[in-house]
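First comes the structure, then the notes that go with it.
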Amino acid sequence: MRKNKPFSLTTLHPHFPSTSRRRSAATLAQLPPLKTQHQPLLNPTKPPSKTHQRNPVPPTKQIQEHPLISIIKSCSHNTHLRQIHAHLLRTSLAQDPTISLKFLSCIALSSLRDIGYSRKFFAQIKRPSFLHHNAMIRAYSVTDKPDEGLRMYQDMIRRGVWANSFSSSFAVKCCVRISSFVGGVQVHGRILRDGNLSDCRLLTTLMELYSGCERFGDALKVFDEMPKRDTVAWNVLISCCLRNKRTRDALSLFDAMQSEEYGCEPDEVSCLLVLQACANLNALEFGERIRRYIDEHGYGGHTNLRNSLVSMYSRCGSLDKAYEVFRGLQDKNVVSWSAMISGLAINGYGREAINAFEEMQKTGVKPDAQTFTGILSACSHCGLVDEGMMFFGRMSKGFGISPNIHHYGCMVDLLGRAGLLDRAYRLIMSMDVKPDPEIWRTLLGACRIHGHVNLGERVIGHLIELKAQEAGDYVLLLNIYSSAGNWDKVTELRKFLKDEALQTTPGCSTIELKGVVHEFVADDVSHLRKDEIYEMLAEINSQLKIAGYVVEISSELHNLGAQEREFVLSYHSEKLAIAFGVLSTPPGTTIRVAKNIRTCVDCHNFAKVLSGVYNRQVVIRDRTRFHHFLEGRCSCNDYW
DNA sequence: ATAGGGTTAG
């Protein structure tokens, strides 16, 4: 407990200009002469003036800050910080609690982000309060040493230094940065003991932590126990759903938060997040709803929302609407152009994407790394090998952007599809970034297309090295073996797959009907209309067989008899979604399905034949592209 | 009490 009156500079130095006048242009030059103001600042000799005592006003409003504080606040340049530091040391102002605190937090947030500097200054404070500790933990949380911030917090608790909800908040931030679930649980425990259970912001940070550690359940629990939830809390929950593969729940939350029970208005961030969910799920109608909401609530002018709309429309296969929004954008920035270029790319308009790229530069917008990801994927989707190579070269030479893993991925796809497998392999080996499993899978896909057994085996070797091999990868290898007629290897691999319990990314397909997204996994029996769906699937199977559809058994890894294999295949998630689509739409309409992983050969053929027999346009969007099927043909030359 | 915390487009 402090016995003295709060330290106030206002009363001590009435000659300082008032806050309001000072605010306009505070610079170091406006400081009172340094030499004359040594002692009085820390050792008040004059009592506070009487006028203040006669008119008691709430002290918080009355206290004026030291001019140094406003200088520190407006100080963005590092050299200025150093100057102020020197000044603080000279005048022993460094020991003033308010000033040192302000300075400490300023170092943390300045462009310097120099934790060493913060540490040094902290060490110079003789009696740091818990506020100084808080500022340090915060500093750690925004630099590259978040683990030390957590340690400092733990140390604080251990030494019995007073800690408040802000200390915990910064500590949680540190845990978020290093994805430390264990550390987060500790801080959570402390928060519970401190009884900070009604602090909405603190709990939101905690949700953010669990979200980042892929602990959806824990995040939801925190949310549930919050006594009062504001829009940001809902937004964090939505973003948590997006990050933890609960995309469909993200859509329900948009409605739930608005319900009478909760009465929380979605803001522009909510819209941004939900639009992402729509894009992932292919949920065009829901996306349209969000668009109406945006217009009705006056968010229509937000460029980020419009950019998000461009992306949502194009990822839902509605390129014309994407273009319409794009055209209406008054201030197209690099994100708008990149969204449009990627949109053209995934929809198969490679040339148009390149044109857009040129036009973008004419309007003076400079491309960045993600623009090039879009343009390179346009080239790979449309088989524009020379153009792709050209852009890949121009990227670093002409624009100073060094290729990242996504750029390399596009190039591997481009070269691989074109049959230049050795070059693709050499490119991966020459990369200055570590190859990820995804890029090896891209090459493996190319090996399948071109029946390259040796390279395929080598790629599997690399995946094993990364401990990332999944069942789906071996299925591709199986396809390669069987198309090469290498039956011994096929048998051997089958046996291996049967014995080994391999990890698989569960395939999942979604289809939107009347604004409701339906989700299917393989062998799904959870849908309300499952009986009708399976009946329809049986009907479709027999119709397609008449039309010449043959089940592609090599897609399946189960070591079963041919009859049973066929049975297993018919339960793939995209078939269930398509069957549901046929069930719910009249002939002549479009069935749009989104798949989270690669669509298998068999489902590809299934959709192709079905589009003719049932007179539906079928569009399957898998990880990177659209597969359009119409009248028994597909748009991608059976490159699946 | 003091300063200070959460979500965000391609």
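Just so you know, these numbers come straight off a predicted model, no measurement behind them. Just so we're on the same page: letters track the sequence lines, and every chain starts at 1.
Each of B/dG6, B/dG10, B/dT2 was ranked by its minimum atom distance to the side chain of A/Arg201; first place goes to B/dG6.
The distance from atom CZ of A/Arg127 to atom C1' of B/dT2 is 16 Å, rounded to the nearest whole Å. The interatomic distance linking A/Asn134 (CG) with B/dG5 (C1') rounds to 10 Å, in whole Å. Computed from coordinates, the A/Gln276 CD to B/dA9 C1' distance equals 7 Å when rounded to whole Å.
Heavy-atom distances under 4.0 Å link DNA chain B to A/Thr303, A/Asn304 of residues 290-305 of chain A, given in residue order. For the segment residues 232-256 of chain A, residues with any heavy atom less than 4.0 angstrom from an atom of DNA chain B are, sorted by number, A/Val232, A/Ala233, A/Asn235, A/Val236.
Under the salt bridge (charged side-chain N to carboxylate O under 4.0 Å, His left out) rule, A/Glu208 has a single partner from A/Arg215, A/Arg243, A/Arg177, which is A/Arg243.
Between the side chains of A/Asp622 and A/Asn596, no donor-acceptor pair of N or O atoms lies under 3.5 Å.
Evaluation of atom-type donor-acceptor distances gives no pair under 3.5 Å for the side chain of A/Thr205 against the base of B/dG6. Contact of A/Asp199 with B/dG5 (side chain to base): a donor-acceptor pair of N or O atoms is detected under 3.5 Å.
In this structure, A/Arg119 is not positioned above the aromatic face of A/Phe122 in the sense of NZ or CZ being under 6.0 Å from the six-membered ring centre and within 45° of the axis.
For A/Tyr210, the ring-ring contact (aromatic ring centres under 6.0 Å, His included) partners at least two apart in sequence or on another chain are A/Phe181, A/His188.
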